[in-house]
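All values derive from a computational prediction rather than experimental measurement. One-based numbering along the sequence shown.
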Amino acid sequence: MSGLLGSVKGPHDVKRLDAEDLPLLAGEIRDLLVDSCARFGGHLGPNLGVVELTIALHRVFDSPRDPIVWDTGHQSYVHKLLTGRAAGFGALKQEGGLSGYPSQAESEHDFVENSHASTALSYADGLAKAFKLRGEHDRTAIAVIGDGALTGGMAWEALNNIAAGKDLRLVIVVNDNGRSYSPTIGGLASHLSSLRVNRRYEDMLEFVKEKLGNVPVLYDALHGIKKGVKDVLAPQVMFEDLGLKYVGPIDGHDEQAMEAALRKARDFRGPVIVHALTQKGRGYSPAENHDEDQFHSPGAFDRATGAEKPKGRIWTNVFSEELVRLGKDREDLVAITAAMLHPTGLAAFAEAYPDRIYDVGIAEQHALTSAAGLALGGMHPVVAVYATFLNRAFDQLLMDVALHRLPVTVVLDRAGVTGDDGASHNGMWDLSILQVVPGLKIAVPRDGERLTELLGEAVEISDGPTVLRFPKGPVAEPIEAVGKLGEMDVLRAGDPDVLLVGVGPMARVCMDAAVLLDAQGISATVVDPRWVKPLDEALVLAASAHKLVAVVEDNGRVGGVGDAVSRLLRDADVDVPVRGYGIPQRFLDHAKRAAILGQIGLTAQDLAREITEAIAKRSSQVERQSAPR
């Protein structure tokens, strides 16, 4: 790699550069970001916005001795480039290449592998306290948090605690670009109480309400300054009321100004907030002019025009269209998203029914309990989140929704193996943790037609919560049922050798495995449960008629559907062996979904081989037991 960036092997090289060289370095970084993301996709917009900010961080602080924690980690690409990973950046998010998030395995400069929002301040609080206790008074913890991540309640819990640590060496950089995925949402009204007596603030509030229509008040306590009205909202008032020192707002694209502000914060030797105003998508006009999300995380695209390459029809499209259709006849249907209106497919519903959509910001816990309130008030909420993010709202689903037997439907996009975004984005936990929720019903569609059917069934249930999950990517080709077994779909009828239970999209894998088994003289029946909690009692009779039951799911093996089937059969005194096939309980490295499924043995070939061996072993055991003694 040539140019200035090619000479940067670590932060020490960034420090050695003359100030007049830094704009050239920033330009080279932006060119590489665009080139790499155009090939494979990635979080382009957020990283184009933090180029100068990141350069300044590495010129002022001494990473890794001064740890930098990113919130969220998708804005760490520039950090990777400045810490010796530029040569490998062309393989970003590819199997064996660099992760799209901080990775401890990649570099000592990546302290925290964080891709769930609103956590950095708590990490930094703990790090700063540890440095103090260990007598390492020359070390500073730095948290870089986007204004979108500040809408999460955990961030404010951390701020409350940080404010009490007057001598903690901790610098909080607020990267204020007005965006998380879409425009940052949330009022934080209690934190603005000291400003409400200001008539100019009230005038601005009315302006924001008028501009955003029915969307909740934009989080303008931070990024309203972009309108050129620093004195109107005076964000320092809010933070200094919490007892935190405030520096800013600073032009986040003025590298020298950022350096000066960061040095001032570093030398204060106590918690300081540095408020940087940045532009998402900076320096690449297709991103700057992209109204939806400034190229937050595009797929592969044409570098010259910014046009994304066609993705085809995906699962999210099917959900989006069906929810809009259901909303026409069901005026009680309302939709909730946690700062992901477009990624979860709710934008079309928002356009069709603007009075029935709520974007709560990055606040999954609030989303679920607000949904409980809506249900108590006579509505049927549909909460759409990525499967991995439901983990954050488990208590609310359990105690606020399920305990009250409320009709709330949770739709989990990106369930199962997602691939490219790495360990923290795989939705491999939900079918396990949700098994313990009393009264909850879980549906898993195998294809688009079943997604439509099951969503309709879910919103008709009025005596408790429902969950519908589906994976990332192109929607599966339809598989028609050849019969029914209770409420389950029979996809392939066979002789009583093996009963294959295919959970959702794993039904296709089971169908393909059945063909391979047939070639080995093993007949397989394939069923799709459709609803996996509670399981259909008809499964007991079906299992008892087969020599082996194999459950295949796109979820962690521990506590998932396979374990539920085993428990169902044990309780019914059915001693047919059950084999569970799913995701091993470990954090998976990033790669394409198909590659990961191959690595973990969730392919038709792997299943056919293992089931053939299990049948052979079972037959051998039966022969030994029946042999005369």
In sequence, state the C-alpha distance, the side-chain angles, and the governing distance for V385 and M340, and then conclude on side-chain contact (heavy atoms from CB on, under 4.5 Å). CA-CA 8 Å; V385 296; M340 302 186 73; over 6 Å; no
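- Between F470 and W315, the two ring planes are parallel [angle under 30°; tilted spans 30° to 60°].
- A heavy-atom distance below 4.5 Å is found between the side chains of L346 and L323.
- Looking at D489, its side chain never comes within 3.5 Å of a backbone N or O of L491 through a donor-acceptor pair.
- I461 is linked by a side-chain contact (heavy atoms from CB on, under 4.5 Å) to K441, D463, T466, W531, counting only residues two or more places apart in sequence or in another chain.
- R356 places a side-chain N or O within 3.5 Å of a backbone atom of L333 that can act as its donor or acceptor partner.
- Residues L468 and P445 are in side-chain contact: their nearest non-hydrogen atoms beyond the backbone lie under 4.5 Å apart.
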Using the side-chain contact (heavy atoms from CB on, under 4.5 Å) rule, take W156 and S118 through it: C-alpha gap first, then chi angles, then the decisive distance, then the call. CA-CA 9 Å; W156 291 90; S118 311; over 6 Å; no
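- Ion pair R282/E52 not flagged as a salt bridge, since none of the NZ, NE, NH1 or NH2 atoms sits closer than 4.0 Å to an Asp/Glu carboxylate oxygen.
- With hydrogens and angles ignored, the 3.5 Å screen pairs no side-chain donor or acceptor of D302 with any backbone N or O of A307.
- Contact annotation: the side chain of I29 never approaches that of Y77 to less than 4.5 Å [non-hydrogen atoms, C-beta and beyond].
- Under the 4.0 Å criterion applied to side-chain N and carboxylate O atoms, K93 and D421 are assigned as salt-bridge partners.
- Between the side chains of T344 and D413, no donor N or O sits under 3.5 Å from an acceptor N or O.
- For K533 (side chain) and L440 (main-chain N/O), a donor-acceptor pair under 3.5 Å exists by modelled atom type.
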Test side-chain contact (heavy atoms from CB on, under 4.5 Å) on T119 and M154; report intermediate values, then the result. CA-CA 7 Å; T119 61; M154 187 174 171; 4.1 Å; yes
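- Formation of a donor-acceptor pair under 3.5 Å by the R392 side chain with backbone atoms of A117 is found in this model.
- For the pair V437 and A402, the tightest heavy-atom approach, listed with the atom from each and the gap, is CG1-CB, 3.4 Å.
- R30 places a side-chain N or O within donor-acceptor distance of the main-chain N or O of L48, the cut-off being under 3.5 Å.
- The closest side-chain heavy-atom distance from L33 to V78 is below 4.5 Å.
- Considering all non-hydrogen atoms of both residues, H380 and T409 come closest at NE2-OG1, 2.8 Å.
- Taking a 6.0 Å sphere around CZ of R405, one finds it holds 12 or fewer heavy atoms contributed by other residues, nucleotides or ligands.
- Under the 3.5 Å distance criterion, the side-chain polar atoms of H275 are left unmatched by any main-chain donor or acceptor of D176.
- Here the shortest heavy-atom pairing between V561 and E553 reads N-OE1, 2.8 Å.
- Contacts classified as salt bridge (charged side-chain N to carboxylate O under 4.0 Å, His left out) and involving residues 332-348 (residues at least two apart or in different chains) are given here: R330-D332.
- Between H79 and P102, every side-chain heavy-atom pair lies at or beyond the 4.5 Å cut-off.
- How far CD1 of I273 is from CG of L121: 8.0 Å, rounded to the nearest 0.5 Å.
- Looking at T151, its side chain does come within 3.5 Å of a backbone N or O of G148 through a donor-acceptor pair.
- When all heavy atoms of G327 and F349 are compared, the pair lying nearest together is CA-CE1, 4.2 Å.
- We find the CZ-CD distance between R446 and E477 to be 13.0 Å, quoted to the nearest 0.5 Å.
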Going through the checks in order, is the ring pair (Phe, Tyr, Trp, His ring centres under 6.0 Å) test met by H590 and H425? CA-CA 10 Å; H590 63 276; H425 269 54; over 10 Å; no
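- Contact check for I172 versus L159: side-chain heavy atoms found under the 4.5 Å cut-off.
- Judged purely by atom type and a 3.5 angstrom limit, Y353 uses its side chain to pair as donor or acceptor with the backbone of K328.
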Set out, in order, the CA-CA distance, both residues' side-chain angles and the distance that settles side-chain contact (heavy atoms from CB on, under 4.5 Å) for V503 and N555, then state yes or no. CA-CA 9 Å; V503 177; N555 185 77; over 6 Å; no
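- Partners of D430 by salt bridge (Lys or Arg N to Asp or Glu O under 4.0 Å), not counting sequence neighbours, listed by chain and number: R469.
- At distances below 3.5 Å, not a single donor-acceptor pair connects side-chain atoms of K472 with backbone N or O atoms of I314.
- For the atom pair L412 CG and F319 CZ, the distance stands at 10.0 Å (nearest 0.5 Å).
- Once rounded to the nearest 0.5 Å, the distance linking CG of N177 with CD of Q75 reads 8.0 Å.
- Annotation for H290 and F295: closest pair ND1-N, 3.4 Å, computed over non-hydrogen atoms.
- Taking all atoms of both residues into account, the shortest heavy-atom contact from P286 to G306 is CB-CA, 3.9 Å.
- Between D528 and R450 there is no salt bridge, since none of the side-chain N atoms of the basic residue sits less than 4.0 Å from a carboxylate O of the acidic one.
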